[in-house]
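Working notes, beginning with the structure itself.
Order of the sequence lines fixes the chain letters, A, B, ..., with proteins taken first and strands second; residue numbering starts at 1 for each chain.
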Amino acid sequence: MPYQPEYSHRLPASFYCRTDVVQVAKDLLGKKLVTKFDNKPTTGIITEVEAYRAPDDRACHAFGNRRTKRTEIMFQEGGRAYIYLCYGIHHLFNVVTAPEGMAHAVLVRGIEPLEGIETMFQRRGIKPGAKGIIPTKLTTGPGALAQALGLHTHQTGHSLIHPDSEIWIEDRGVIVSENTIDAGPRIGVDYAGECAAWEWRFWLRDSRFVSKGNSSYDSKS
DNA sequence: ATGAAGATCAACT
DNA sequence: GTTGATCTTCATT
């Protein structure tokens with residue numbers, strides 16, 4: 001059944017705990033991702049996501065329902081952060097979905113910055129472009145976005161629902177119709193056999209803050 | 001104890 | 001288009 005938006009609130013458990021992670025991934029587009037560390041809010045609209053699903057998805061860390069210390073978090077009830085280190089450098093932020101026992105997650109790959117942009121530039125170690133145009137590299141790509149929002153592996157497992165948590169997602173009432181969403185294969189999962197071809201990457205066609213595969217917005221300074 | 005691989009990015013040529 | 005950085009996790013010895 002379709003999710004009913006709630007305005008001006010953290011997305012509730014009922015949003016995250018649905019069993020169709022592909023649908024949840026699409027529904028996350030247009031939502032507002034918020035972190036508030038050290039009383040510095042940084043926020044942005046989610047523009048690009050990928051779905052991962054155990055047990056049948058070979059690209060998922062929990063493929064075959066493999067439980068390890070790292071993947072354990074994905075088996076918990078939806079509405080938590082799963083953050084892990086990639087290539088020894090990048091902290092990738094995922095949203096855990098589905099009820100307890102189903103290891104599903106959505107990787108957030110891009111946001112359009114809204115608030116706390118100064119803080120994001122500082123964390124990223126880059127400067128604003130000419131005329132105040134925000135360079136897409138500020139928050140495009142999962143490693144970049146996590147750095148801009150101050151997300152780190154030590155926050156893995158943190159709740160997105162609990163009123164005191166420092167990471168959450170809001171519905172601002174942005175309507176994303178199906179025909180403004182594009183889909184394609186996930187990035188960097190060529191090793192995953194036939195699963196590599198699944199079109200479980202979704203992005204807002206009209207956003208600049210999308211990592212690749214969208215030729216009309218590539219590499220414009 | 002050891003080694004291989006990885007849901008990436010930036011700086012090159 | 002190619003490559004180096006950098007380190008945790010997991011499987012194997």
Side-chain angles (χ1 to χ4, degrees), chain A residues 21-22 24-26 28-29 33 44 46-76 78 80-98 102-111 113 120-129 134-157 182-203 208-215 217-221:
Chain A
V21 66
V22 172
V24 177
K26 289 196 260 186
L28 281 169
L29 294 172
L33 175 60
I46 296 173
T47 56
E48 181 182 358
V49 295
E50 287 176 359
Y52 289 85
R53 181 182 73 190
D56 56 320
D57 172 14
R58 195 170 280 280
C60 180
H61 292 159
F63 171 66
N65 282 338
R66 182 180 61 156
R67 284 179 183 262
T68 67
K69 189 176 178 190
R70 184 176 66 161
T71 64
E72 190 62 31
I73 184 65
M74 278 199 279
F75 290 87
Q76 296 187 22
R80 296 165 179 278
Y82 169 52
I83 307 174
Y84 76 95
L85 189 66
C86 187
Y87 296 103
I89 300 174
H90 305 288
H91 300 258
L92 301 208
F93 171 74
N94 301 252
V95 176
V96 176
T97 72
M102 301 181 80
H104 297 181
V106 178
L107 172 67
V108 181
R109 296 188 51 90
I111 63 170
M120 296 191 204
F121 276 115
Q122 287 172 10
R123 287 175 177 150
R124 295 275 293 123
I126 58 181
K127 304 230 169 181
I134 298 174
T136 57
K137 68 177 182 179
L138 183 66
T139 54
T140 298
L145 162 174
Q147 184 178 39
L149 294 195
L151 292 161
H152 189 279
T153 55
H154 62 56
Q155 294 139 0
T156 197
D182 277 353
R186 294 169 295 178
I187 305 291
V189 298
D190 295 346
Y191 60 88
E194 62 183 11
C195 309
W198 295 354
E199 297 199 332
W200 281 9
R201 172 173 170 255
F202 304 99
W203 64 92
R208 299 164 57 220
F209 297 89
V210 168
S211 57
K212 60 180 275 206
N214 191 356
S215 55
Y217 292 98
D218 275 356
S219 62
K220 298 218 172 116
S221 77

**Prompt:** Does anything in residues 104-111 of chain A reach DNA chain B, meaning a heavy atom under 4.0 Å, and if so which residues?
**Reply:**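 Here the set is A/L107, A/R109.
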With no hydrogens and no angle check, is any side-chain donor or acceptor of [X] less than 3.5 Å from a backbone partner on [Y]?
| X | Y | result |
| --- | --- | --- |
| A/T71 | A/R66 | yes |
| A/R124 | A/K137 | yes |
| A/H90 | A/L92 | no |
| A/R58 | A/A192 | no |
| A/T47 | A/G110 | yes |
| A/R201 | A/E50 | no |
| A/T156 | A/T153 | no |

**Prompt:** Relative to each other, are the rings of A/Y84 and A/Y82 parallel, tilted or perpendicular (30° and 60° limits)?
**Reply:** parallel
**Message:** Walk me through whether A/T136 and A/R208 qualify under side chain to side chain donor-acceptor pair (under 3.5 Å).
**Reply:** CA-CA 7 Å; A/T136 57; A/R208 299 164 57 220; 5.3 Å; no
**Request:** Establish, yes or no, whether the cationic atom of A/R186 lies under 6.0 Å from the six-membered ring centre of A/Y52 and within 45° of the ring axis.
**Result:**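 Relative to the ring axis of A/Y52, which defines the angle, A/R186 lies inside both limits.
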**Request:** Can you tell me the pairing partner of B/dA7 across any strand shown, Watson-Crick or G-U wobble, with both distances under 3.5 angstrom?
**Result:**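 Because no pair has both required distances under 3.5 Å, B/dA7 counts as unpaired.
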**Message:** Under 4.0 Å, heavy atoms only, any strand: does A/R124 hit a base, just the sugar-phosphate, or nothing?
**Reply:**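 Sugar-phosphate only.
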**Prompt:** Just checking A/A144: base, sugar-phosphate only, or nothing, at a heavy-atom cut-off of under 4.0 Å?
**Reply:**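 Contact class for A/A144: sugar-phosphate only.
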**Range on DNA chain B touched by chain A, heavy atoms, distance below 4.0 Å** = B/dG6 to B/dA10
**Prompt:** How would nucleotides 6-13 of chain C be written as a contact map, 5' to 3', with B for base contact, S for sugar-phosphate-only contact and - for no contact, using protein heavy atoms under 4.0 Å?
**Reply:** BBSSSS--
